[in-house]
Amino acid sequence: MSNIVKGIVAGFAATVVLSLLMMAKSMMGLMPEMNIIAMLGGMMGAGVAVGWVTHVLIGSVVWGAGFAMLNGTIPGTSLLTKGIVFGVVAWVLMMILVMPMAGAGLFGMNLGIMAPMMTLVLHIIFGAVLGGVFSIQPNSESSTKIAKKSTVK
């Protein structure tokens with residue numbers, strides 16, 4: 001399995017976990033004004049369905065493949081640590097690019113101090129899942145060796 005595919009799979013898993021946590025946050029009534037899915041859909045002049053598709057594609061393809069391509073340059077001794085570092089970088093980019101475009105201000109401060117804090121925690125969890133799932137998948141060398149061993153017999 002190529003590293004890019006591994007990254008997309010890991011990104012999808014991390015996006016699912018992040019999405020479940022976002023839904024739990026909403027169900028508990030925590031920061032209802034901070035609905036990232038609605039923000040994404042609104043930024044594109046579309047509805048919530050487009051927001052969800054965009055959210056999943058960004059988390060899976062952009063961040064997952066990005067992690068796969070960059071993990072050799074990310075500081076850290078394990079893929080889990082590298083995933084967390086990557087998640088924090090993704091959070092910073094979201095805070096300085098996406099939040100202002102969505103009208104929430106730099107670091108989402110128009111929504112209060114809890115917005116950047118909560119999204120940081122969510123991105124740390126996203127990164128941990130991303131790095132963890134990436135690390136447990138077989139790499140292309142080991143799957144090639146396994147395939148060769150099974151055809152030799």
Side-chain angles (χ1 to χ4, degrees), residues 1-32 34-41 43-44 46-99 101-102 104 107-108 111 114-151:
M1 178 181 305
S2 79
N3 275 350
I4 300 295
V5 173
K6 283 175 54 174
I8 292 170
V9 169
F12 180 76
T15 301
V16 168
V17 170
L18 177 70
S19 300
L20 291 172
L21 291 171
M22 287 171 25
M23 287 189 286
K25 173 196 75 73
S26 293
M27 290 169 63
M28 289 187 278
L30 298 172
M31 298 195 66
M34 193 182 88
N35 183 336
I36 299 300
I37 304 304
M39 283 181 187
L40 283 171
M43 284 170 48
M44 292 182 286
V48 175
V50 172
W52 273 109
V53 169
T54 304
H55 167 70
V56 171
L57 286 174
I58 290 170
S60 303
V61 178
V62 175
W63 295 124
F67 178 75
M69 290 186 284
L70 298 172
N71 83 57
T73 63
I74 300 170
T77 55
S78 71
L79 285 169
L80 181 67
T81 304
K82 289 174 180 245
I84 292 169
V85 169
F86 189 80
V88 171
V89 170
W91 171 77
V92 169
L93 291 173
M94 179 182 164
M95 293 294 108
I96 63 174
L97 298 174
V98 177
M99 285 296 195
M101 287 191 303
F107 282 82
L111 303 174
M114 284 302 293
M117 292 173 64
M118 185 172 292
T119 55
L120 176 59
V121 170
L122 290 173
H123 278 81
I124 289 170
I125 294 168
F126 175 88
V129 174
L130 178 69
V133 172
F134 188 87
S135 73
I136 63 171
Q137 295 179 73
N139 61 32
S140 57
E141 287 179 15
S142 64
S143 36
T144 303
K145 288 177 187 174
I146 291 168
K148 284 181 182 178
K149 283 181 184 178
S150 63
T151 57

Least distance between heavy atoms, Leu80 atom then Gly132 atom: CD1-N, 4.2 Å

Note: Gly108 and Ala115 closest approach over all heavy atoms is O-CB, 3.7 Å

If you define the side chain from C-beta out and look only at heavy atoms, does anything of Thr15 sit under 4.5 Å from Phe126? yes

Using a 4.5 Å cut-off on heavy atoms from C-beta on, say whether the side chain of Met43 contacts that of Val98. yes

Can you tell me how far the [atom1] atom of [X] sits from the [atom2] atom of [Y], to the nearest 0.5 Å?
X	Y	atom1	atom2	answer
Ile74	Leu79	CD1	CG	9.0 Å
Leu111	Met99	CG	CE	6.0 Å
Leu70	Asn3	CG	CG	11.5 Å
Ile4	Met69	CD1	CE	4.5 Å
Ile58	Met94	CD1	CE	9.5 Å
Lys25	Leu122	NZ	CG	8.0 Å

State whether the number of non-hydrogen atoms from other residues, nucleotides or ligands found under 6.0 Å of Met117 atom CE is greater than 12. no

Quick one: do Ile124 and Val88 satisfy side chain to side chain contact (heavy atoms under 4.5 Å, CB included)? Show the steps, please. CA-CA 6 Å; Ile124 289 170; Val88 171; 3.9 Å; yes

Partners passing side chain to side chain donor-acceptor pair (under 3.5 Å) against Ser19 (at least two apart in sequence or in another chain): His55

Applying side chain to side chain donor-acceptor pair (under 3.5 Å), can you list everything that pairs with Ser135, at least two apart in sequence or on another chain? none

Could you walk me through whether Val56 and Phe12 satisfy the side chain to side chain contact (heavy atoms under 4.5 Å, CB included) test, starting with their C-alpha distance in whole Å, then the side-chain angles of each, then the deciding distance to 0.1 Å, before giving a yes or no? CA-CA 7 Å; Val56 171; Phe12 180 76; 4.1 Å; yes

Quick test of your reading: applying side chain to side chain donor-acceptor pair (under 3.5 Å), list the pairs with at least one residue in [range], sequence neighbours left out, ordered by first then second residue.
range	result
residues 84-97	Trp91-Thr119
residues 121-133	none
residues 56-76	none

Side chain to side chain contact (heavy atoms under 4.5 Å, CB included) between Met101 and Met39: does it pass, once the steps are laid out? CA-CA 9 Å; Met101 287 191 303; Met39 283 181 187; over 6 Å; no

Side chain to side chain contact (heavy atoms under 4.5 Å, CB included) for Met23 and Leu20? Distances and angles first, verdict last. CA-CA 5 Å; Met23 287 189 286; Leu20 291 172; 3.7 Å; yes

Can you sort out the partners of Phe134 under ring pair (Phe, Tyr, Trp, His ring centres under 6.0 Å), two or more places apart, ordered by chain and number? Phe67

